[in-house]
Amino acid sequence: MTEKERILQLRRELHEHNHRYYVLNRPTISDQEFDFMMHELQDLEARHPELDDPNSPTQRVGSDLNQEFTQVAHKYPMLSLANTYSESDVEEWFNSVTKLLHGEPFEVCCELKYDGLSISLTYEHGQLVRGVTRGDGIHGDDVTANVKTIRSIPLILSGWDKKTPVQDLFAQLEPSIPDVFEIRGEILMPWAVFDRLNAEREAAGEPLFANPRNAASGTLKSQKSELVASRQLDAYLYYLLGENLPCDGHYENLMAAADWGFKISKGIKKVRTLQEVMDYIQYWDKERRNLPVATDGIVLKVNSLRQQRALGFTAKSPRWAIAYKYKAERECTRLNEVTYQVGRTGAITPVANMEPVLLAGTTVKRATLNNEDFIRSLDLHLGDYVYVEKGGEIIPKIVGVDTSRRDATAEPVRFITNCPECGTPLVRYEGEAAHYCPNDTGCPPQIKGRIEHYIARKAMNIDSLGPETIADYYRRGLIHNIADLYRIGVQDINGDGSRQKSAMKIVNSIANSVHVPFERVVFALGIRFVGETSAKLLARHFKNIDALSSATAEELTQVEGVGDVIAASVVSYFSNPQNQEIIERLRSYGVRMSLTEEQMQTSGDALAGKSIVISGVFSHHSRDEYKEIIERNGGKNVGSISGKTSFILAGENMGPSKLQKAEKLGIPIVSEEEFLRMIED
């Protein structure tokens, strides 16, 4: 067998094994055997770049290169469905369909309503060619590269690659598979993956995802498909569109799609009577809690495509379908105790620890209590029976107390006055709901949190380290603050000598961080209340660390966007001798402590006083470069359109919603070429 023939054979077999594992849940080989085959294919493809195939199984690992999403018009608009929480509305819809069809018998396809990100997949000649998000229903983002990393989405359909020679593939067509068609569904993050991801983010001091839908959406919109691949997204498909579909029945078309390799819900059911519809609703109200992914209701569709066309559409949604949404799940359980967590900034978060209760597919034992004011508003007592809710499948929250079950001797929950980690008295800043531990240089969670913040991608981008490694280094006494990172040597972390390569990678990544721009250094310092935007404003205004560290509160508040709270925090940070020592050590290690000469050369004031929104894809400069140009010419970057927007710098594929809003408000649209001429003039 030639290497070319082996490549084609491996691709066919890996596609089949992938389908068996991720769609059918019936693997026939071990993970190790699968990995061996994948590695062999990667090696062979590297030797034969002329046989490149964008739908090879090797493409599922994704890329770490940034990508710009372009907007694509939907061939068929992705309309939303009419929603209801009422069974009487479902009955009204059923009767309305009966009336509009003049009594003609009809079937209803009942489906689970998955709570994810809507996706449209286009296939041509059996191969995936495009994946597009819903967007505004008319246009969506092309996320094909990210979609290819989702293992349950077939890259090549079953029946299209039986023979080895590429030219013979089309001879294997099954009559029922259209040459070109579109299939729609939901991109989802399974509960198990969501829980693990949030646990990792919590350990890293990062904000938690509110629900699997937000996590899936944020993941699929990532600029790096490598990250998408690591998040283990799933996909359920539920709607087939095209010119030559196999059947008139929607249900039958989905069954055909399942034969082609698509993941179709096993919960789908075809019924004929209203009572059968109601039975389906009530059955899944409880049973859906056992599913591996989030659902928030069911969808009812008239099954016949002919009858769907006869029923037509209203201005916003089809008459032949309706979505019934379940009410937010609520359970009652006992509050055992309240514990307190210390975040990176010293913010204290109270956490309710409860008797475990099953809620929306997961076992819930803890829920955030936000702050002292929230606890008081509930009049919370230890031992109370509390109502826990996951409205829209969100992170658990306590929404009420069953005071009738309260023990007469129950003690009210009293917010702590000292840090649970270091014992320092807590403070509450004016205008802030949270309490803080002010001991930012001696409180262990804050120290580790600040180091984790320092190494983050948007700060110093030391990507070879993570929260667990930082915790290990801190425990071993290798690091006590951010400056200690730069004195770590390979011998310190190589242990028994078996980790030379990874140790070198860590040390080199730390060394390379000294080239990070000054604005990100200011952000990386972790000054309380100084976020990414305010760090950039401060760096641009004061230009170097010496000017910033010696600035008074009054001078700091002269910077647009910097108020009294941020100013006081900056003054407090730089007045601390320990922080001053850390700054000097960072300087001695070569970390940038000022803007570059190029950055300090203001190009002009052509955009002075102007607020500019950037939208679209550009050919001459990247979006970040245009933001830099705007700031260097006296302008201000803003993220959303309002009456105060001066103009929109518009590239290709500007979002239609932004265009409509600009036209409504009379905001000028400036092209890339016009903008560059404006700067030159």
J.: Within a reach of under 6.0 Å around CG of N95, are more than 12 heavy atoms found that belong to other residues, nucleotides or ligands?
T.: yes
J.: Does the side chain of K113 come within less than 4.5 Å of K325's, by heavy atoms?
T.: yes
J.: Measuring centre to centre across the rings, with the benzene-like ring taken for any Trp, is Y626 within less than 6.0 Å of F675?
T.: yes
J.: With rounding to the nearest 0.5 Å, note down the distance linking CG in D141 to OG1 in T70.
T.: 8.0 Å
J.: Is the backbone of E186 close enough, under 3.5 Å, to the side chain of S118 for a donor and an acceptor to pair up by distance?
T.: no
J.: Could you tell me whether E3 and R47 make a salt bridge, using a distance below 4.0 angstrom between a side-chain N and a carboxylate O?
T.: yes
J.: Could you go through R272 and V108, starting from their C-alpha distance and side-chain angles, then the distance that decides it, and tell me whether this counts as side chain to side chain contact (heavy atoms under 4.5 Å, CB included)?
T.: CA-CA 6 Å; R272 290 178 173 81; V108 175; over 6 Å; no
J.: Between L254 and E111, does a side chain to side chain contact (heavy atoms under 4.5 Å, CB included) hold up when you go through it step by step?
T.: CA-CA 11 Å; L254 289 182; E111 307 168 16; 4.2 Å; yes
J.: Please confirm whether the backbone N or O of A215 pairs with a side-chain atom of T219, one donor and one acceptor, at under 3.5 Å?
T.: yes
J.: Taking S217 for the side chain and L117 for the main chain, is one N or O donor matched with an acceptor at less than 3.5 Å?
T.: no
J.: More than 12 non-hydrogen atoms from neighbouring residues, nucleotides or ligands closer than 6.0 Å to CD on E92, yes or no?
T.: no
J.: Show, in sequence, the C-alpha distance, side-chain angles and deciding distance for K221 and T133, and conclude whether the side chain to side chain contact (heavy atoms under 4.5 Å, CB included) test is met.
T.: CA-CA 9 Å; K221 292 295 187 70; T133 63; 3.8 Å; yes
J.: Do N253 and L305 come within less than 4.5 Å of each other through their side chains, counting heavy atoms only?
T.: yes
J.: Start with the C-alpha gap between H102 and E104, add the side-chain angles, then the distance that decides, and say whether side-chain hydrogen bond (donor to acceptor under 3.5 Å, both in side chains) holds.
T.: CA-CA 6 Å; H102 306 290; E104 178 186 352; over 6 Å; no
J.: Hey, mind stepping through K661 and K664 against side chain to side chain contact (heavy atoms under 4.5 Å, CB included) and telling me if it holds?
T.: CA-CA 5 Å; K661 189 168 184 179; K664 182 179 179 181; 5.5 Å; no
J.: R231 side chain to M189 main-chain N or O, any donor-acceptor pair under 3.5 Å?
T.: no
J.: Pick one: which of I298, L300, V97 meets side chain to side chain contact (heavy atoms under 4.5 Å, CB included) with I322?
T.: L300
J.: So which atom in P246 and which in A256 form the shortest heavy-atom distance, rounded to 0.1 Å?
T.: CG-CB, 4.3 Å
J.: Would you mind reporting whether D53 and I7 have side-chain heavy atoms less than 4.5 Å apart?
T.: no
J.: When you measure from the centre of the six-membered ring of Y239, is the NZ or CZ of K301 closer than 6.0 Å and no more than 45° off the axis?
T.: yes
J.: Testing the 3.5 Å rule here: is there a donor-acceptor pair between the side chains of S86 and S88?
T.: yes
J.: How close do Y114 and S265 get, counting heavy atoms only, and between which atoms?
T.: OH-OG, 2.9 Å
J.: Tell me yes or no: between the side chains of H48 and E50, is some donor less than 3.5 Å from an acceptor?
T.: yes
J.: Given side chains that start at C-beta, do those of V143 and I119 come closer than 4.5 Å, heavy atoms only?
T.: yes
J.: What is the distance from atom NE2 of H74 to atom CD of E182, rounded to the nearest 0.5 Å?
T.: 7.5 Å
J.: Which heavy atom in S152 sits nearest to a heavy atom in A235, and how many Å separate them?
T.: OG-N, 3.1 Å
J.: What is the minimum heavy-atom distance between P212 and W191, and which atoms define it?
T.: CG-CZ3, 3.6 Å
J.: Backbone N or O of V180 within a donor-acceptor pair of the E243 side chain at under 3.5 Å?
T.: no
J.: Minimum heavy-atom separation for A216 and I187, please, with both atom names.
T.: CB-O, 3.9 Å
J.: Holding to ring pair (Phe, Tyr, Trp, His ring centres under 6.0 Å), I want the full list of residues that pass it with Y251, two or more places apart in sequence or in another chain.
T.: none
J.: Is the closest side-chain heavy-atom distance between E673 and H620 below 4.5 Å?
T.: yes
J.: Do K269 and E276 have side-chain heavy atoms sitting under 4.5 Å apart?
T.: no
J.: With a 4.0 Å cut-off on N to O distance, would you call K263 and D234 a salt bridge?
T.: yes
J.: Would you compute the distance between atom NE2 of H15 and atom CZ of R11 and round it to the nearest 0.5 angstrom?
T.: 8.0 Å
J.: Classify the side-chain pair R12/Q9 by whether it contains a donor and acceptor separated by less than 3.5 Å.
T.: no
J.: Listed by chain and number, what are the side-chain contact (heavy atoms from CB on, under 4.5 Å) partners of N461, not counting sequence neighbours?
T.: R457, D463, R520
J.: Is any side-chain heavy atom of L240 closer than 4.5 Å to a side-chain heavy atom of W260?
T.: yes
J.: Search all heavy atoms of E45 against all heavy atoms of S56 and return the closest pair with its distance.
T.: OE2-OG, 2.6 Å
J.: Main chain of K627, side chain of N637: is a donor-acceptor contact present, judged purely on distance under 3.5 Å?
T.: yes
J.: Between R319 and F313, is there a donor-acceptor pair closer than 3.5 Å when you use the side chain of the first and the backbone of the second?
T.: yes
J.: Whether the side chain of N303 engages the backbone of G249 through a donor-acceptor N/O pair (distance < 3.5 Å, no angle test) should be reported.
T.: no
J.: What is the ring orientation for F106 with F94, classed by angle as parallel under 30°, tilted 30 to 60°, or perpendicular over 60°?
T.: tilted
J.: Contact between P154 and L128 at the side-chain level, heavy atoms closer than 4.5 Å - yes or no?
T.: no
J.: Treating E672 as the side-chain partner and S619 as the backbone partner, does any N or O pair qualify as donor plus acceptor under 3.5 Å?
T.: yes
J.: What is the ring orientation for Y123 with F181, classed by angle as parallel under 30°, tilted 30 to 60°, or perpendicular over 60°?
T.: parallel
